[in-house]
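Being a predicted model, the structure only gives us computed values, none of them experimental. Throughout, residue positions are numbered sequentially from 1 according to the sequence presented.
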Amino acid sequence: TRRYAKKEYLLCRVCSQDKRCEACDRPQSRENGVMLDRIDTWHQEHGMYTSKWRYMCTICKVDAVDTIIEARKVLFSCIDFLQKEIGLRIPEMHINLTFSDNISNASRNCSSEGNGHCRTRVSRKELEDGWIECTREIVEISVLRGMHRIYLGRTLCHELIHFWLGIYSM
């Protein structure tokens with residue numbers, strides 16, 4: 001017996017090990033009325049799915065974020081949370097937020113697939129006195145499309161902290 005959102009579910013050993021909702025962790029179970037939908041994108045050009053295998057139950061799908069406008073609202077609430085509750089100073093700037101069907105860091109030493117990625121760059125400017133001023137700036141934050149609002153918020157906070165570390169640890 002497992003409890004999800006204050007409701008108890010009786011699950012067999014096979015069901016409890018099968019695919020799960022990425023937002024609430026409920027396993028698919030016809031007996032308990034929990035059906036999972038695969039949430040990824042079919043790539044017409046390559047004739048294959050382009051993202052990792054992801055599932056969401058019909059209960060959580062109601063709160064999935066599928067538009068950049070909604071995702072930006074979550075981003076702003078994450079910035080507000082990090083500044084007010086944790087005390088991190090996030091510089092005011094336009095943050096390019098994009099959806100991606102596949103988040104991986106294959107170009108670097110990390111080979112895992114994730115849910116978000118923060119790309120930054122360092123710009124160098126030569127000053128009149130011979131010094132070089134280095135400034136780290138954010139290029140974009142990419143996240144997977146269709147994540148649950150809470151899951152998206154956690155991912156965006158995580159990526160914003162990567163950005164913060166890049167700015168203030170240089």
Side-chain angles (χ1 to χ4, degrees), residues 4-5 20-26 37-46 49-57 59-170:
Y4 298 98
R20 294 176 171 277
C21 174
E22 75 171 16
C24 69
D25 199 41
R26 284 183 181 95
D37 294 327
R38 188 166 167 189
I39 50 168
D40 54 6
T41 305
W42 178 261
H43 198 284
Q44 295 292 338
E45 186 178 324
H46 300 295
Y49 289 103
T50 56
S51 71
K52 64 184 184 177
W53 292 75
R54 301 168 53 219
Y55 298 94
M56 189 172 292
C57 71
I59 298 165
C60 293
K61 195 167 189 161
V62 174
D63 291 318
V65 178
D66 289 319
T67 67
I68 288 294
I69 293 168
E70 286 299 309
R72 289 195 71 73
K73 290 178 186 176
V74 176
L75 174 69
F76 294 138
S77 68
C78 290
I79 291 171
D80 189 53
F81 170 78
L82 290 173
Q83 292 184 140
K84 290 181 179 173
E85 300 298 324
I86 303 201
L88 300 181
R89 287 188 342 244
I90 307 290
E92 287 194 30
M93 61 174 53
H94 174 75
I95 297 175
N96 187 26
L97 181 62
T98 61
F99 284 135
S100 178
D101 295 323
N102 187 11
I103 304 289
S104 66
N105 198 7
S107 63
R108 305 227 174 27
N109 59 0
C110 175
S111 62
S112 65
E113 289 185 359
N115 301 313
H117 182 72
C118 178
R119 285 191 17 209
T120 61
R121 68 174 163 238
V122 175
S123 59
R124 291 170 174 79
K125 177 179 155 187
E126 194 167 328
L127 303 175
E128 293 176 10
D129 58 3
W131 287 85
I132 297 176
E133 179 183 67
C134 297
T135 307
R136 183 172 294 273
E137 56 193 12
I138 194 165
V139 176
E140 73 177 359
I141 294 178
S142 295
V143 293
L144 294 175
R145 180 188 309 271
M147 283 197 285
H148 187 274
R149 181 171 307 282
I150 293 171
Y151 198 41
L152 175 63
R154 286 186 284 185
T155 301
L156 287 171
C157 283
H158 176 93
E159 299 307 326
L160 285 166
I161 290 172
H162 279 294
F163 172 56
W164 184 86
L165 287 168
I167 293 173
Y168 295 109
S169 67
M170 202 162 118

Colleague: Considering all heavy atoms of both residues, which atom of Cys21 and which atom of Cys57 are nearest to each other, and what is their separation?
Modeller: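 Closest approach of Cys21 to Cys57, heavy atoms only: SG-N, 3.4 Å.
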Colleague: Determine the minimum heavy-atom distance between His148 and Cys60, stating which atoms define it.
Modeller: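 Reported closest heavy-atom pair: CD2-O, 3.4 Å.
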Colleague: Any heavy-atom pair between the side chains of Leu97 and Leu156 that's under 4.5 Å?
Modeller: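 Touching, per the 4.5 Å side-chain cut-off.
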Colleague: So which heavy atom on Gly146 is nearest to which on Met56, and how close?
Modeller: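 Closest heavy-atom pair between Gly146 and Met56: O-CE, 3.3 Å.
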Colleague: Taking only residues two or more places apart in sequence, or in another chain, which ones meet Glu70 in a salt bridge (charged side-chain N to carboxylate O under 4.0 Å, His left out)?
Modeller: Lys73, Arg149
Colleague: Can you tell me how far apart CD (Glu140) and NE2 (His94) are? Round to the nearest 0.5 Å.
Modeller: 10.5 Å
Colleague: Measuring from atom CZ of Phe163 to atom CD1 of Ile95, what distance do you get when rounded to the nearest 0.5 angstrom?
Modeller: 6.0 Å
Colleague: To the nearest 0.5 angstrom, please state how far the OG atom of Ser123 sits from the CD atom of Glu133.
Modeller: 8.0 Å
Colleague: Looking at Leu160, Val74, Leu88, which hits side chain to side chain contact (heavy atoms under 4.5 Å, CB included) with Ile79?
Modeller: Leu160
Colleague: Any idea which heavy atoms bring Val65 and Ala71 closest together, and the distance?
Modeller: CG1-N, 3.5 Å
Colleague: I'd like to check the salt bridge (charged side-chain N to carboxylate O under 4.0 Å, His left out) partners of Lys125; sequence neighbours left out, ordered by chain and number.
Modeller: none
Colleague: Would you mind reporting whether Ile138 and Cys118 have side-chain heavy atoms less than 4.5 Å apart?
Modeller: yes
Colleague: Restricting to non-hydrogen atoms, name the atom on Gly116 and the atom on Glu159 that form the minimum distance, rounded to 0.1 Å.
Modeller: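 Closest approach of Gly116 to Glu159: O-OE2, 3.1 Å.
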Colleague: For the atom pair CZ (Arg89) and CD (Gln83), what is the distance rounded to the nearest 0.5 Å?
Modeller: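 Taking CZ in Arg89 and CD in Gln83, the distance rounds to 9.5 Å.
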Colleague: Within the supplied structure, the quantity of interest is the number of heavy atoms (other residues, nucleotides, ligands) at a distance under 6.0 Å from Ile86 CD1; does it exceed 12?
Modeller: yes
Colleague: Kindly compute the distance separating CD1 (Ile167) from CD (Glu137), expressed to the nearest 0.5 Å.
Modeller: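 Taking CD1 in Ile167 and CD in Glu137, the distance rounds to 10.0 Å.
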Colleague: Mind checking the CG-CE spacing from Asn115 to Met147? Nearest 0.5 Å is all I need.
Modeller: 5.5 Å
Colleague: For the residue pair His162 and His158, does the interplanar ring angle fall in the parallel (under 30°), tilted (30 to 60°) or perpendicular (over 60°) class?
Modeller: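 Perpendicular: the ring planes of His162 and His158 meet at over 60°.
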Colleague: Measure the shortest side-chain to side-chain distance between Leu144 and Thr155 over non-hydrogen atoms and say whether it is less than 4.5 angstrom.
Modeller: no
Colleague: Would a 4.5 Å heavy-atom cut-off, applied to side chains only, mark Phe99 and Val143 as touching?
Modeller: yes
Colleague: What heavy-atom pair brings Arg145 and Asp66 nearest, and what distance separates the two atoms?
Modeller: NH1-O, 3.4 Å
Colleague: Asp63: which residues meet the salt bridge (charged side-chain N to carboxylate O under 4.0 Å, His left out) condition with it, sequence neighbours left out?
Modeller: none
